[in-house]
Structures are given as C-alpha cells and as structure tokens.
Amino acid sequence: MDLLSALSLGELALSFSRVPLFPVFDLSYFIVSILYLKYEPGAVELSRRHPVASWMCAMLHCFGSYILADLLLGEPLIDYFSNNSSVLLASAVWYLIFFCPLDLFYKCVSFLPVKLIFVAMKEVVRVRKIAVGIHHAHHHYHHGWFVMIATGWVKGSGVALMSNLEQLLRGVWKPETNEILHMSFPTKASLYGAILFTLQQTRWLPVSKASLIFIFTMFMVSCKVFLTATHSHNSPFDVLEGYVCPVLFGAAWGGDHHHDNHGASHGGSHGGGPGAQHSVLPAKSKEELSEGSRKKKTKKAD
C-alpha cells in the first residue's frame with residue numbers, strides 16, 4: 001500500500017508533482033547556482049575582465065546537468081540551449097548578480113532568510129530533474145538500470161561533477177577537487193535518489209512516483225536548508241556511512257569534507273598546506289574580501 005495514500009496525502013503528493021517549475025522554481029535554481037559561482041575566488045574579477053567566460057561559467061552552473069545527461073544518452077549537447085526562455089532568464093540573473101548597480105540584487109538574494117527560500121526551491125527542481133532524467137533514460141534503455149541511475153545522478157548533480165571543466169573556464173586547474181573523489185551532500189543525495197527512483201521506475205519499489213517525489217523533496221529541502229542555515233559542511237549520511245562503509249569497503253566513504261565549494265573557500269586547513277593553496281589563487285577584489293568570512297562557511301549546492 002502506498003504510504004502517502006494511507007496517510008491521506010496521496011492527492012497532495014500528486015498535486016505537488018504537477019507544479020510547474022518554470023519560471024518561479026527555475027528562477028530560484030538559477031539564482032542559487034550563480035550565487036555559488038560568485039562565491040568562487042576570482043569570479044568577480046573574471047566577470048570584469050572576461051565577461052564571456054564568466055557567462056559561460058554561469059551557464060554551466062545552470063545547465064551543466066542537462067549537458068552531461070545528453071552526453072551520456074548520445075543526444076546533442078547544445079540541445080537544451082534551444083530553450084530560449086530559460087537561457088535568457090539565467091543570463092538575466094547572471095547579469096544582475098554580477099553587474100547590478102551597488103550590488104543591490106546580490107545583497108537581496110544573498111540575505112540569509114531570502115536565500116534559504118531559494119535554496120529550498122532549488123531542491124524541488126533537483127528532485128524533479130532526477131525523476132525526469134530516469135524516466136528519459138528508461139525510455140531509451142528499458143532494462144538499463146545502471147544507465148538510469150547514472151542519468152538520474154548527473155541530472156541531480158551534473159554541475160558539481162563538471163566542476164573541473166567550469167574551473168578551467170576560469171583559468172583554474174585543481175584536479176584534487178574532483179567531485180568523484182570528495183562527494184558533497186547534494187552529490188551523494190542525488191546518487192541515492194537516483195537509485196530509489198530507478199527502483200520505482202522498474203517497479204521494484206512499491207510506491208508511486210508522485211509519492212516518492214514528495215517524500216524525497218521534503219528530505220532534500222529539510223537537509224539543505226538546515227545545512228545552509230547553520231553553515232555546516234557535514235552530511236546526514238555520515239553516521240550511516242560510518243557504520244556501513246567499514247564493513248563493505250574496509251574504510252569510511254566520504255569522511256573527508258574538504259570538497260566543499262570545490263576547495264575554493266577552505267584556506268590551508270586541508271590538503272597540501274596554506275602556501276600552496278594561496279599561491280595559485282588569483283588576487284581577490286575588494287568586494288570578495290568583504291565577503292570572505294561568510295563565504296568560507298558556504299557549501300556549494302550544485
């Protein structure tokens with residue numbers, strides 16, 4: 001029996017799964033994604049000196065998951081950019097965050113109570129993208145479980161998985177920040193969510209898709225809002241992984257959290273020492289320095 005149906009929440013879950021994402025939820029997704037781009041060291045300076053490169057980085061932050069999913073399924077990588085409304089909306093957000101007079105737009109959307117609303121709405125988009133990605137992959141590979149899981153995973157966390165490419169566009173090369181090596185909470189959650197949605201799609205999980213979307217969205221929203229509000233770099237999966245991974249793999253999986261913000265905001269407390277860390281970073285602008293203490297606590301959401 002469907003759990004939510006038993007709790008008389010089936011209709012709520014169905015209605016929730018049908019809420020359109022464009023433009024409100026997509027706008028929130030773009031705002032949070034480009035906010036995290038601006039937090040990267042040198043991003044503001046890059047936008048002044050090389051605005052085209054900055055815009056391309058912003059588009060990767062907004063549409064990287066679609067590009068990576070198309071690559072996996074053998075579809076045109078540029079296909080999503082035919083969606084003029086989304087590209088124009090994302091471009092407008094990029095311009096306002098980086099070039100709005102007096103930084104008014106950035107100050108408004110980065111104000112924590114407002115930002116938490118956008119973060120919650122971004123997680124709604126993330127879960128829906130995972131579900132749609134798995135449905136799309138199932139259409140092409142009806143029995144390809146691993147294809148479905150991979151497609152759903154990159155749909156949910158493609159931006160983080162493409163972080164090294166995005167860094168190259170900014171003139172930065174930090175292979176040690178590879179997301180596969182140091183998975184953030186959204187990347188792990190997207191992987192686990194992709195497994196759940198694949199089981200549901202193949203009828204191995206006795207729950208409706210609408211109910212699973214509702215349950216997993218509530219989980220993602222609660223966790224991500226809490227982590228953002230407390231500036232925490234921990235993962236809700238750490239406790240479970242601490243017990244399971246030593247049994248299965250002989251060591252804890254993902255116990256190292258220096259991947260947050262892809263190594264950009266951690267200083268020298270992790271990895272190869274402070275001297276090496278700061279020597280490769282571009283000079284920060286006055287604006288970035290003023291935001292420094294807060295940015296160090298920010299966790300990249302992808």
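All values reported here derive from a predicted model rather than from experimental measurement.
Taking all atoms of both residues into account, the shortest heavy-atom contact from R170 to L46 is CG-CD2, 3.4 Å. Of all heavy-atom pairs between A13 and S211, the closest is CB-CA, 4.0 Å. For the pair Q200 and S208, the tightest heavy-atom approach, listed with the atom from each and the gap, is NE2-C, 3.8 Å. Here the closest non-hydrogen pair linking F197 and K209 is CE2-O, 4.5 Å. Taking each heavy atom of F99 and S47 in turn, the nearest pair found is CZ-O, 3.4 Å. Closest heavy-atom contact between L73 and Y141: CD2-CE1, 4.0 Å.
Between the CG atom in L248 and the OH atom in Y243 there is a gap of 15.0 Å [rounded to 0.5 Å]. Atoms CG and CD1, on L205 and I195 in that order, are 12.0 Å from each other to the nearest 0.5 Å. Taking CD from Q201 and NE2 from H138, the interatomic distance works out to 5.0 Å, rounded to the nearest 0.5 Å. If you take CG on L227 and CZ on F185, they are separated by 6.0 Å, rounding to the nearest 0.5 Å. Atom-to-atom distance recorded for K38:NZ and I34:CD1 is 11.0 Å, nearest 0.5 angstrom. Put simply, NZ on K122 and NZ on K224 are 7.5 Å apart, with the number rounded to the nearest 0.5 Å.
If you chain together hydrophobic residues whose side chains sit under 4.5 Å apart, F111 and L104 never meet in one group. Residues F146 and Y192 are members of separate hydrophobic clusters, defined by side-chain heavy-atom contacts under 4.5 angstrom among Ile, Leu, Val, Met, Phe, Trp and Tyr. Both M220 and V19 belong to a common hydrophobic cluster when Ile, Leu, Val, Met, Phe, Trp and Tyr are linked at side-chain heavy-atom distances under 4.5 angstrom. A chain of hydrophobic side-chain contacts below 4.5 Å, direct or via other Ile, Leu, Val, Met, Phe, Trp or Tyr residues, connects F105 to L37. Under the 4.5 Å side-chain contact rule for hydrophobic residues, V247 and F249 do not share a cluster.
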Check against side chain to side chain contact (heavy atoms under 4.5 Å, CB included), L35 and F118: CA-CA 11 Å; L35 267 180; F118 291 141; 5.8 Å; no
Worked check of side chain to side chain contact (heavy atoms under 4.5 Å, CB included) between Y39 and S110: CA-CA 11 Å; Y39 292 160; S110 61; 4.1 Å; yes
Check against side chain to side chain contact (heavy atoms under 4.5 Å, CB included), R128 and F25: CA-CA 11 Å; R128 195 78 65 85; F25 286 91; over 6 Å; no
V147 vs L72, side chain to side chain contact (heavy atoms under 4.5 Å, CB included): CA-CA, chis, key distance, verdict: CA-CA 8 Å; V147 176; L72 289 180; over 6 Å; no
Verdict with reasoning, R48 to E45, per salt bridge (Lys or Arg N to Asp or Glu O under 4.0 Å): CA-CA 5 Å; R48 300 319 193 253; E45 183 182 29; over 6 Å; no
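No side-chain heavy atom of D70 sits less than 4.5 Å from a side-chain heavy atom of I78. For the pair T198/W204, no side-chain contact is recorded, criterion being any heavy-atom separation below 4.5 Å from C-beta on. Using a 4.5 Å cut-off on side-chain heavy atoms (C-beta onward), L212 and V127 make no contact. Side-chain contact between E176 and L181 is absent, with no heavy-atom pair separated by less than 4.5 Å. At least one side-chain heavy atom of L14 sits under 4.5 Å from a side-chain heavy atom of S17. Counting heavy atoms from C-beta on, the side chains of Y66 and K155 come closer than 4.5 Å. When side chains are defined from C-beta on, I117 does not count as touching V225, because their heavy atoms never get closer than 4.5 Å. No side-chain heavy atom of V114 sits less than 4.5 Å from a side-chain heavy atom of C108.
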Side-chain donor-acceptor pairs of residues 86-98 under 3.5 Å, sequence neighbours excluded:
| unit_1 | atom_1 | unit_2 | atom_2 | d |
| --- | --- | --- | --- | --- |
| S86 | OG | N83 | ND2 | 3.4 |
| S91 | OG | W55 | NE1 | 2.9 |
| S91 | OG | V87 | O | 2.8 |
| W94 | NE1 | S54 | OG | 3.0 |

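Checking T228 against K115 by side-chain atom types alone, no donor-acceptor pair falls below 3.5 Å. E179 and T187 are linked by a side-chain donor-acceptor pair at a separation below 3.5 angstrom, with hydrogens and angles left out of the test. Counted by atom type alone, E40 and H61 present zero donor-acceptor pairs between their side chains at under 3.5 Å. With no hydrogens or angles considered, no side-chain donor-acceptor pair links H139 and H135 at under 3.5 Å.
The aromatic rings of Y80 and F63 sit tilted, their planes meeting at an angle between 30° and 60°. Ring-plane geometry between F237 and F219 is classed as tilted, the angle between the planes lying from 30 to 60 degrees on a 0 to 90 degree scale.
For L165, the CG atom is densely surrounded, since the number of other residues' heavy atoms within 6.0 Å is greater than 12. With a 6.0 Å radius and a threshold of 12 heavy atoms from other residues, nucleotides or ligands, F81 has its CZ atom above the threshold.
In this structure, the side chain of D238 engages the main chain of S235 through a donor-acceptor pair within 3.5 Å. In this structure, the side chain of T151 does not engage the main chain of M148 through any donor-acceptor pair within 3.5 Å. In this structure a side-chain-to-backbone donor-acceptor pair under 3.5 Å is present from S163 to A160. At least one donor-acceptor pair closer than 3.5 Å links the side chain of S82 to the backbone N or O of D79.
The side chain to side chain contact (heavy atoms under 4.5 Å, CB included) test with E166 singles out one residue from V172, L60, V159, and that residue is L60.
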